[in-house]
2 protein chains.
Amino acid sequence: MEPKETKNRILDAAEHLFAEKGYHGTSLRMITTEATVNLAAVNYHFGSKESLIEAVIERRLLPLNQLRTKQLKAVRDEARRNDRAPDVRQTLAAFIEPTLSFRNSGPGAQDFIALVARALADPNDTARSVFINRIKPVLDLLHQCLAEALPQIDPQTIFWRLHFMIGSLTHIMHNLDKLPIPTEMMPTDNSFQEITEMLLTFITTGMEAPQ
Amino acid sequence: MEPKETKNRILDAAEHLFAEKGYHGTSLRMITTEATVNLAAVNYHFGSKESLIEAVIERRLLPLNQLRTKQLKAVRDEARRNDRAPDVRQTLAAFIEPTLSFRNSGPGAQDFIALVARALADPNDTARSVFINRIKPVLDLLHQCLAEALPQIDPQTIFWRLHFMIGSLTHIMHNLDKLPIPTEMMPTDNSFQEITEMLLTFITTGMEAPQ
DNA sequence: TTGTATTTCAAACGTTCGTTTTAATCAATC
DNA sequence: GATTGATTAAAACGAACGTTTGAAATACAA
């Protein structure tokens, strides 16, 4: 077997199964069966089940956060160059759209989004703290951009509205395929793109609300 | 032991532990130990672990949803009586505030809120579907009220904004005690009340946003 | 008090879990 | 081609899981 092939197959299977069944709901036997590798391979390559989910999260979160950071800085610096405040919708889009385009980059990425959305609500401290530690610098940057964009709003209020936004984002990301959606409510096609536009409008308006 | 005493002690312990550790993360041995009842008592009184979590959810959700329904109908009927559209903020408050006052009604209620917030993100179909089936009529009523309050907005858009709101609500409810909140961001006191006010402003404005 | 139904209890059931062990296999270097 | 180190393989480990059993204890009506 190719070098790194086994590790990647384990990571792919783990990503898929953790997303679908959660951490506790997924056994190493499920993972190694789906990856068609030996049961002992997980402990050999990753040490433990906990270290495995850490590796799953880090593999995708690093490039995603780098992209988010790059786009946020682009919006901020462009505004500073023109000596004006950043646009709120642009700022929020810089954070949200990498998530969207990342989600559409492949089925593995979709699994990862579901996994992360769940990690935030998961009792498993490992998954949650890995995720929170990695995303915190990006959230700080987003908060800073929004504070520049909305000087009339108390930074404390912006902070909480940021979390309201994260709740909306993760809830939709995670439940889009599961919600009992009446057919007449379902957008005809490009549904995810349409819903993202609606989300962006919703949170932009909420973010700009007078206190 | 008092009649029903055993069942209620099991329900209380299960509520607490499911909220703290999730469904898969909680064993019947943990529950029966905390409830100081025999291990077999769960299967005797409830039949199975799955039926237990159903009973946990139904015990609290029924009265909570009754209260929500009552308040929503009060807002709607008051508006109809005066021949005007319901107020959006009042409508949303009718849904959200029972959750808030319920949460503050005791430690068991707080556990339950955490449990429900998690049930929405839990891979366990049992918990999620019990919750969704019970809350669906309330959401339909809320959707109907908002459609009356916002005739200029497409009902489909209202539907999705409703889910954005639920995401914000559950995220905050569930993570309030866990988020790494800088001390300068934390409201001084009555924090939950203050945050709820901010949430209400955020989602009301987002709900009223032009399409 | 006796008889009956309900509830509690300790013990064990079979399964599945994450992990470890030991040997076999593979790849690359001398 | 032999040697060495990295990887894979099969099997077993003890622990914990949800559930079941059958007897003991309790409650309550006759």
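So that the names make sense, note that chain A is the first sequence line, chain B the second, and so on, each numbered from 1.
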Quiz prompt | B/Glu15 backbone acceptor or donor facing B/Arg60 side chain under 3.5 Å | solution = no
Quiz item: Is the side chain of A/Thr26 donor-acceptor paired with the backbone N or O of A/Tyr23 at a distance under 3.5 Å, no angle test?
Solution: no
Exercise. Test A/Leu141 against A/Lys73 for side chain to side chain contact (heavy atoms under 4.5 Å, CB included), laying out the working first.
Key: CA-CA 8 Å; A/Leu141 176 60; A/Lys73 282 184 175 164; 4.0 Å; yes
Quiz item: Within 45° of the axis and under 6.0 Å from the centre of the six-membered ring of B/Phe202, does NZ or CZ of A/Arg161 qualify?
Solution: no
Quiz item: Does A/Phe18 have A/Lys49 sitting over its ring (NZ/CZ under 6.0 Å from centre, angle to axis within 45°)?
Solution: no
In whole angstrom, give the distance that lies between atom [atom1] of [X] and atom [atom2] of [N].
{"X": "B/Asn38", "N": "C/dA11", "atom1": "CG", "atom2": "C1'", "value": "10 Å"}
{"X": "B/Lys7", "N": "C/dT8", "atom1": "NZ", "atom2": "C1'", "value": "15 Å"}
{"X": "B/Phe46", "N": "D/dT20", "atom1": "CZ", "atom2": "P", "value": "16 Å"}

Quiz item: Taking the side chain of B/His45 as its heavy atoms from C-beta onward, which of C/dT7, C/dC9, D/dT8 lies nearest to it?
Solution: C/dT7
Practice problem: Report yes if the side chains of A/Glu20 and A/Asp111 come closer than 4.5 Å at any heavy-atom pair, otherwise no. | Solution: no
Self-check item: Letter per nucleotide, 5' to 3', of nucleotides 16-22 of chain C [B base touched, S only sugar-phosphate touched, - untouched; heavy atoms, 4.0 Å]
Solution: -BBBBB-
